[in-house]
Amino acid sequence: MAHTATEWPPEETLSLWKGEQARLKARVVDRDTEAWQRDPSFSGLQKVGGVDVSFVKGDSVRACASLVVLSYPELKVLYEDSRMVGLKAPYVSGFLAFREVPFLVELVQRLQEKEPDLMPQVLLVDGNGVLHQRGFGVACHLGVLTELPCVGVAKKLLQVEGLENNASHKEKIVLLQAGGDTFPLIGNSGTVLGMALKSHDHSTKPLYVSVGHRISLEVAVRLTHRCCRFRIPEPIRQADIRSREYIRRTLGHRGESPAQRKDRSQKEKSTNACPAGGPGAPADQGRPPECFGRSSSTDLRDPEPGFQEQKDQQLKGTRCQEDPDLWPPSPAWV
DNA sequence: GCGACAG
DNA sequence: ATCTTGTCGC
C-alpha cells in the first residue's frame, strides 16, 4: 500500500491524528521558560532558527525541507540544511504537522549531531501554534517533539473559533499603523489565540503569530517583529528561499517545466544535476525519529537588498552584498 | 449544493 | 504550497 500523499485520509486516520494531537497537546508550555525571554532586549538570545518546506510543482511526493539558524540580532545565516524528502501525507487543513513535521524533526536531529553548538534557542515555524482547530498547530507539534521554544507564524488567518477574515477583521488591519502594531485574535471562548502583527511599517497584510511551545504570546510577537527585515521574518524567509532554490537548482527542469528550461542553459555553470538522499525518512511521527540518511547540503548564500515590500520582495539575481563568511556556495553533498 | 481550506 | 511578467520605487 503506497501512501501517495495525494489521497484524502480515511476518517480512521484523521481520528488517529486527532488523538495524537490531543495527547501531545498536554505537553505544550505556553509561557516563557528561558532567561532571554524575560529580558527587554532579549540579551542572551544569539541564535534563532527557521524552518520551511517547499514543494515540487507537478510532484505530490518530492519536497525540500530546510532548517536555517540565524544570528541575533544581526540576522545573518550561520547554518543551513536543505534536504529532499519524500512526502507521505497529504495536506489537510488542521493536520499540517503530519505532512511536514517528521522532516523538520529530522533536520533538528541532524543539527544536534553535526553542530550542536548552533542549536537555535527558538524556532520560527511557518504555520500556526495554538491558533488551531484543536489548539495544536504545527508550531506546537514541532515544539513538543523537539522541546525547543517555538513560535507559529502564519501568513493567512486560519478561520477557527469564530475568527474570520471578514470586514470587521479587515477594518482592524487597516488600523494597524506602524510595524510592531498588533491586535488580538480572540476566539469564541474569549481566549486570546494569537495576534495579528504588522511586521514592518509598510506591510499591508499582517502576520498571524501564536504560541508554539515554551514562549509567551507577548514575547513571541515581539521576537517575530524583531526578526523582520521584510514582511516574513528572516529565519522563515531564508528557509523558504533556500528550500525553493535547492529545488530549482537540482530538479528545476526535468520535473516538467514548460517555459523555464529555456534560460537553464545560460544560467547554469556551477549547479548540479541530481541531489542525494531522496525520500529519506522512515515512516513515523509522534516520536523523535531516528535518522540515518547521509549528509546532504550545508552551504550558504546571500540575502538581498534592504528595502521594498509589496508582496514580500523579489528574489531575482539582483545584487549580492554582505555575507563575507559562508561565501563560496560549495556543492556540499559530496 | 456552496463555501472554506495554516502550508 | 505552486504558476506567472511586468512594473513601480528606493
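Remember, it's a predicted structure, so these values are computed and weren't measured experimentally. Residue numbering restarts at 1 for every chain, and letters A, B, ... go by the order of the sequence lines.
Rounded to whole Å, the distance from CD1 on A:Ile247 to C1' on C:dC3 is 14 Å. Here the P atom of nucleotide C:dT2 and the CG atom of A:Asp52 are 8 Å apart, to the nearest Å. When the C1' atom of C:dA1 is taken as reference, atom CG of A:Asp59 falls 13 Å away, rounded to whole Å. Rounded to whole Å, the distance from NE2 on A:His141 to P on B:dG7 is 18 Å. B:dG7 atom P lies 13 Å from atom CZ of A:Arg99, rounded to whole Å. Rounding to whole angstrom units, OH of residue A:Tyr208 and C1' of B:dG7 are separated by 16 Å. Rounded to a whole Å, the CG atom of A:Asn128 is 12 Å from the C1' atom of B:dC5. Rounded to an integer number of Å, the gap from OH of A:Tyr91 to P of C:dT2 is 13 Å.
Regarding contacts with the backbone of C:dA1, a side-chain N or O of A:Lys155 is found under 4.0 angstrom from either OP1 or OP2. For A:Ser93 and B:dG7, the shortest distance from a side-chain N or O to OP1 or OP2 is not below 4.0 Å. Side-chain nitrogen and oxygen atoms of A:Lys57 include none within less than 4.0 Å of the OP1 or OP2 phosphate oxygen of C:dA1.
Using a 4.0 Å heavy-atom criterion, one finds that A:Val53 contacts no nucleic acid atom at all. A:Asp126 comes within 4.0 angstrom of sugar-phosphate atoms only, judged by non-hydrogen atoms across all strands, and of no base. Using a 4.0 Å heavy-atom criterion, one finds that A:Gly152 contacts no nucleic acid atom at all.
The nearest pair of heavy atoms linking A:Ala139 to A:Gly129 is CB-CA, 3.8 Å.
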| field | A:Glu11/A:Thr13 under side chain to side chain donor-acceptor pair (under 3.5 Å): CA gap, chis, key distance, verdict | value | CA-CA 5 Å; A:Glu11 208 54 49; A:Thr13 296; over 6 Å; no
| task | Go through the steps to decide whether A:Ser216 and A:Asp32 satisfy the test side chain to side chain donor-acceptor pair (under 3.5 Å), and finish with yes or no. | result | CA-CA 5 Å; A:Ser216 63; A:Asp32 298 318; 2.9 Å; yes
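The aromatic rings of A:Trp36 and A:Phe42 lie perpendicular to each other, with more than 60° between the two planes, well past the 30° mark.
Proximity note for A:Leu158 (side chain, C-beta onward) versus B:dC5, B:dG7, C:dC3: the nearest is B:dC5. If you check C:dT2, B:dC5, B:dA6 against the side chain of A:Gln159, the one that comes closest is B:dC5.
Counting only N and O atoms by type, the side chains of A:Glu245 and A:Ser243 include no donor and acceptor under 3.5 Å apart.
Side chains of A:Glu147 and A:Arg214 form a contact here, defined as non-hydrogen atoms less than 4.5 Å apart.
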| remark: Given Watson-Crick and G-U pairs under 3.5 Å, DNA chain C in dot-bracket ([ ] crossing, | other strand) is ..........
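Taking the ring axis of A:Phe95 as reference, the NZ or CZ atom of A:Arg134 stays within 45° of it and closer than 6.0 Å to the ring centre.
For the P atoms, the distance linking C:dT4 with B:dG3 amounts to 28 Å, nearest Å. Atom C1' of B:dC5 sits at a distance of 16 Å from the matching atom of C:dT2, rounded to the whole Å.
Taking 4.0 Å as the cut-off between side-chain N and carboxylate O, A:Lys198 and A:Asp181 do not count as a salt-bridged pair.
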